[in-house]
Amino acid sequence: MTPFKTHSSHWGAFSGRVQDGALEIRPHAGDPHPSPLLGNLPASADSPMRIRRPAVRRGWLEHGPGAAAARGADDFVEVEWDEALALVAAELRRVYDTHGPQAVFGGSYGWASAGRFHHAQSQVHRFLNLLGGYVKSVNTYSSGAAMVIMPHVLGPYDHVERKSVTWDAIARSSQMVVAFGGMAIKNADVHGGGNSAHIVRDRIGSASARGCRFILVSPLRDDFPPEADGEWLSIVPGTDVALMLGIAHVLATELLHDRAFLDRYTVGYLAFEAYLTGASDGVEKTPEWASALCGIDAETIRTLARDMARSRTLVTVSHSLQRADHGEQPVWMGIVLAAMLGQMGLDGGGYSYSLGALGNTGKQDLTVPLPTLDQFRNPVADFIPVARIADMLLQAGAPYAYNGEARRYPDIKLVYWAGGNPFHHHQDLNRLRAAFRRPETIIVHETAWTSSARHADIVLPATTTLERDDIGAASGDPLMIAMKQLIAPVGEARDDYAIFSGLARLLGIAEAFTENRSARDWLAVLYDTTRKALDAGGHEAPDFETFWARGELTLPVKPDTGGPARAFRDDPRASPLATPSGKIEIFSQTIESFGYEDCQGHPRWYPPHAEAEGADPAPLHLVCNQPHQRLHSQLDYGAVSRATKIDGREALRIHPADAAARGIQDGDVVRLSNARGSCLAAAVLSDALRPGVMQLATGAWFEPHDPTAEEATCIHGNPNILTRDIGTSQLAQGCTGQLTRVEIERFAGTPPPVRIFEPMQFAHRP
C-alpha cells in the first residue's frame, strides 16, 4: 500500500496518496470538523481544465504587444517552454527599458497556496522588485474598507480587534453575541495559511449550551451555524448602520451607556451624540427611524438595546458588511456601539471585527515567527487600492482620493499576474473586460483555464500545491505541516519559483533571485527562522530533516490574557491604542480633516449610492456572498463544487413569495439583469432568506455567452457581471461587491449549455 503523506490547504490539514491511479485524501486526525472542501482537491490532479503547456494568444503572437479587443475571445497557440520564457523575458526587458517599472502592474491577489515558500505573491513581487519594482495594490477585496478605517479609530488592522477576543473567551464568558452579518461556518472553515483544527462549531455550541444568546443580524438565516441556536433578525441588506444607530439611541436616551468608559477610553462621543439625537442634523436616530430603513420592528430594537446593556455582550461585524456602499461605516459604528456598552477588554465582551470570517481568527497567537520569503524592496511609489484595477487600466493619469491623499492612476503597459483570478474577485465584469483590453501585454501564471487565463496574452502553466513540497503554517494555528508532494506535475506545469528562476537567468538576475538555492534548500532556510525562535524560547526545536520526516510540528501559543484590548482597559496610559489620541476615536479629527462628503468625522448613515443618486433601483436585493462549496473560485471544477450546480449552472436562492410572483419554480433557469449586465442561474426556492432578497454565491467561473460582445451575459452564474465597480468611499476605495439590485425573470426558451469546463481547444501555429 502507498503510504499517506502530510499536506495542508487553506481549508485544512490532510494527508494524501495516489492509490490505484486515484488521489485519495484523508483529513487530519486531530481536526474535529474537517472541511468538505477537501473533496475538491482530487480534481486538480487530472481535470481537463488544467493548463498543461505554455500558451500564447494568437493575436499577440502574430502582431506583438498592444491593446487588444480580442482578449477573452482569441485563440491560443501552445508553445515550448524555452520559447515562452524567451517571449516573456523579451517583453519584460522592452517595457522596463522603454517605460520603466511604473508601467508594470504586479498583480497577485488570491490564495494560491497555504505554503510559506510557494506563495505566488511573494514569488512574483520578489522577482519584479529585482527588475526595478512595479506598481502594487494595497489592502484586500475581503476587507478593503476595514483595513483603512481601523487604524484611524481603533488601531492597526489585525491587532486590537482580532487579537483580543478568543473563541475560548466566548465559550466561558459571553452572555450575548450580536453578530452583524453573522458568522457563517463556511467562512470560518478557511484560512490563508491553513487551518488544522476547525473549532468554531464546538466553541459556539459550548457557549450556547451555557446560556449565551447568539443574535444573527442578516438577511440570510443560515449565516449562523446550527450550534448557535441563534435568534434571527431579518434585516434589509445594507442597513446595519441604521439599526446600530437605533440601538445607540436607546442606550443614550435611557442612560444605559457607560459614560465613565466613554470619558476615560474614547474621544469625540459628544459630537456623535449630537448626531444621534438630531441636534446636529435635525434627524433623531430613534428606533422608529431605524425601523423604517432596516425593516426590524422598533420595539425589537429597544428590547435588543436593553438586553445588550444588561449582558456581557460581544459585538461582531463581518467582512460582508464593509464590502458594500460606505463599508467603513458599519465597522466604525460597531466599535462605537461596543464602546457605549463599556465592555472593551472584558472577557467575552467588547468588539471583534471579522470573527468567524477566517478559521484562525479567535484562536491564540503563536509565540514564534513563521517562515517568510524576502520580497526585497519595491522602489516604485505608485500603488492602487486593490479593487481599483479597472479604474487604473481605463483611466491612466486620472486623479483619485485615498485615505487623505490625492493620487493619480499610473499608465500600465504590462500586467504580470501570478496567484489569483481577478475575474472572480472584481466587480462589473463587462467593465473589467474592457479594462483588460487596454494593456500592451498581460502575462499570467495559472493552474487552470480560468477567465483570467483566457484574457491573458502569455499563459504559463503553474503547479498546484499537490505537485510540490512546501511548509504550511499560519498565525493562530499551532501546527506546522510538512507539505509533501503528492502527485507529479500535471503536463509540463512548473512551480512559480522554477518559472521565475528561468526568467531570472535570461534577464541576468538569477543569482540575486535564487541565491543559488533550490526550492528544497529554501524550505530548510525558511524553517530555520522558526527553529531558532523555538530553541531560544526553550521549546523543542528539531532540525529540518527531523521535522520533514515527522510531517508536523506543534508550535507554542500565547496565553489567552485578553490581548491588547485588556491591556488598554487595565491601563490606557501604559498601553494606549495606536490612534492619534491613543484612545478609541468615536470622532476622528484626522478623517474629518480630509473633507470627504462620503466619510466624515464620526460614523453616519449614508443611503446606498443608487438611492442617493435618485435612481430607481431594481426591485430585488442580490447578496453576492462567498460560496460554501469552494474557496472563492478555486477548484470550481472540483466534485464538491460541481455537485451543487443544477444542470451545470450555479444555484440562485430566491424566497418562495418572490418566485411565485414571477412564475418561477424550483430548478427553473432564470435571467438576472441590471444596468451593468446579466447572467443565468438555476432557481432554488428557500425561506432562509428575507423576502425581497436573493442570494447567488460568487466564484462560478465567468462564461460569456458571446465573448466578442461588448456587454456579455454570463451563462454560468457569476454575479459579478451585476455588481457595481465603485469604491466604498474616498477614504478606503474598498470593494462594494457584496450587494446589488437586480431584476429577475424566468428564462424563455432553451438556455445555452454551460461549456466552461470543457477542454480548451488550441489553434495551429500561424
Side-chain angles (χ1 to χ4, degrees), residues 55-77 87-88 91-92 94-95 98-99 102-109 134-135 137 384 386-398 400 408-418 420-446 449-460 675-679 701-716 718 720-726 756 760 763 766:
V56 183
R57 186 174 63 81
R58 183 166 64 177
W60 193 94
L61 201 58
E62 291 178 348
H63 306 297
R71 284 197 188 108
D74 207 352
D75 293 327
F76 279 86
V77 177
L87 289 170
V88 172
E91 182 61 1
L92 286 167
R94 180 188 73 84
V95 173
T98 305
H99 303 287
Q102 66 276 6
V104 176
F105 180 67
S108 180
Y109 183 81
Y134 62 98
V135 174
S137 61
I384 61 165
V386 69
R388 302 274 56 81
I389 181 173
D391 285 353
M392 174 185 69
L393 296 178
L394 291 169
Q395 303 171 21
Y400 72 96
R408 289 188 179 274
Y409 290 117
D411 188 3
I412 298 300
K413 305 298 183 184
L414 183 146
V415 173
Y416 204 124
W417 209 289
N421 179 10
F423 280 81
H424 157 68
H425 297 298
H426 204 68
Q427 286 63 63
D428 194 346
L429 293 183
N430 278 317
R431 187 168 187 263
L432 184 66
R433 292 169 68 229
F436 262 55
R437 299 182 188 123
R438 294 295 185 90
E440 295 178 356
T441 298
I442 298 176
I443 302 165
V444 167
H445 296 195
E446 252 296 7
W449 281 106
T450 63
S451 289
S452 296
R454 295 167 194 250
H455 283 79
D457 297 309
I458 303 175
V459 180
L460 304 179
R676 288 167 289 284
S678 61
C679 73
W701 284 11
F702 173 59
E703 182 179 2
H705 183 222
D706 178 3
T708 65
E710 285 295 313
E711 293 189 4
T713 294
C714 178
I715 62 175
H716 189 196
N718 187 323
N720 274 336
I721 199 78
L722 305 163
T723 52
R724 194 170 180 177
D725 185 17
I726 58 172
I756 190 67
M760 189 74 167

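We number each residue from 1, following the sequence as shown. The figures that follow rest on heavy atoms only: side chains count, while hydrogens, waters and symmetry mates do not.
Here E703 does not pair with R454 in a salt bridge; the nearest charged N to carboxylate O distance is not below 4.0 Å. A salt bridge is defined here as a Lys NZ or Arg NE, NH1 or NH2 lying under 4.0 Å from an Asp or Glu carboxylate O, and R438 with D411 fails to meet this definition. Ion pairing between D428 and R724 fails under the 4.0 Å rule for side-chain N and carboxylate O.
Shown here for A435 and A390, the closest heavy-atom pair between the two residues is CB-CA, 3.8 Å. Contact detail for C679 and L722: the closest heavy-atom pair is SG-CD1, 3.9 Å. The two atoms that bring E446 and G420 nearest to each other are OE2-O, 3.9 Å, heavy atoms only. Taking each heavy atom of L414 and E91 in turn, the nearest pair found is CD1-CG, 3.6 Å. Between W701 and T450, the closest heavy-atom pair is CZ2-CG2, 3.7 Å. Scanning all heavy atoms of the two residues, the minimum distance from I384 to Y400 falls at CA-OH, 3.8 Å.
Neither side chain, N720 nor H426, offers a donor N or O lying under 3.5 Å from an acceptor on the other. For T441 and W60, the side-chain atoms include at least one donor-acceptor pair closer than 3.5 Å.
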Notebook entry, point to check: Does the pair R431 and D391 meet the rule for a side chain to side chain contact (heavy atoms under 4.5 Å, CB included), with working shown?
Noted result: CA-CA 9 Å; R431 187 168 187 263; D391 285 353; 2.7 Å; yes

Note to self: Please determine whether salt bridge (charged side-chain N to carboxylate O under 4.0 Å, His left out) holds for the pair R388 and D725, giving the CA-CA distance in whole Å, both sets of side-chain angles, and the decisive distance to 0.1 Å.
What the structure shows: CA-CA 8 Å; R388 302 274 56 81; D725 185 17; 2.6 Å; yes

Next item on the list: Begin with the C-alpha distance, continue with both residues' side-chain angles, and end with the deciding distance and a verdict on side chain to side chain contact (heavy atoms under 4.5 Å, CB included) for V415 and V444.
Entry: CA-CA 8 Å; V415 173; V444 167; over 6 Å; no

Check: Please walk me through it: do E440 and R94 pass side chain to side chain contact (heavy atoms under 4.5 Å, CB included)?
Finding: CA-CA 11 Å; E440 295 178 356; R94 180 188 73 84; 2.8 Å; yes

Checklist line | Test log, rule side chain to side chain contact (heavy atoms under 4.5 Å, CB included), inputs I412 and V104 | finding: CA-CA 6 Å; I412 298 300; V104 176; over 6 Å; no

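Side-chain contact between P439 and F105 is absent, with no heavy-atom pair separated by less than 4.5 Å. Contact check for V88 versus L460: side-chain heavy atoms found under the 4.5 Å cut-off. Between L429 and F423 there is a side-chain heavy-atom pair separated by less than 4.5 Å.
Here CG of N430 is found 10.0 Å from SG of C714. Values are rounded to the nearest 0.5 Å. Here the CZ-CD distance, from R676 to E711, works out to 11.0 Å after rounding to the nearest 0.5 Å. Annotation: the span from R71 atom CZ to R57 atom CZ amounts to 5.5 Å, rounded to 0.5 Å. Here I389 contributes atom CD1 and Q427 contributes atom CD; the two are 11.5 Å apart, rounded to the nearest 0.5 Å. The distance from atom OG of S452 to atom NE2 of H445, rounded to the nearest 0.5 Å, is 13.5 Å. How far CG of D457 is from CZ of R58: 14.0 Å, rounded to the nearest 0.5 Å.
The number of heavy atoms from other shown groups lying within 6.0 Å of NE2 (H99) is above 12.
Note on ring orientation: taking the six-membered ring where Trp is involved, the planes of H455 and F436 are perpendicular (angle over 60°, cut-offs 30° and 60°).
No donor-acceptor distance shorter than 3.5 angstrom exists from the side chain of R408 to the backbone of A398, with no hydrogens or angles considered. Put simply, the side chain of S108 gets close to the backbone of A418: a donor and an acceptor are under 3.5 Å apart. R433 contributes a side-chain N or O that, together with a main-chain N or O of A709, makes up a donor-acceptor pair within less than 3.5 Å. Of the possible polar contacts, one joining the D74 side chain to the G59 backbone as a donor-acceptor pair under 3.5 Å is found. Judged by distance alone, the side chain of E710 and the main-chain N or O of T708 form no donor-acceptor pair under 3.5 Å.
Outside the 6.0 Å centre-distance limit, the rings of F702 and H424 are not counted as a close aromatic pair. A distance of 6.0 Å or more separates the ring centres of Y134 and Y416. For an aromatic pair to be called close, the ring centres must be under 6.0 Å apart, and F76 with W449 satisfies this.
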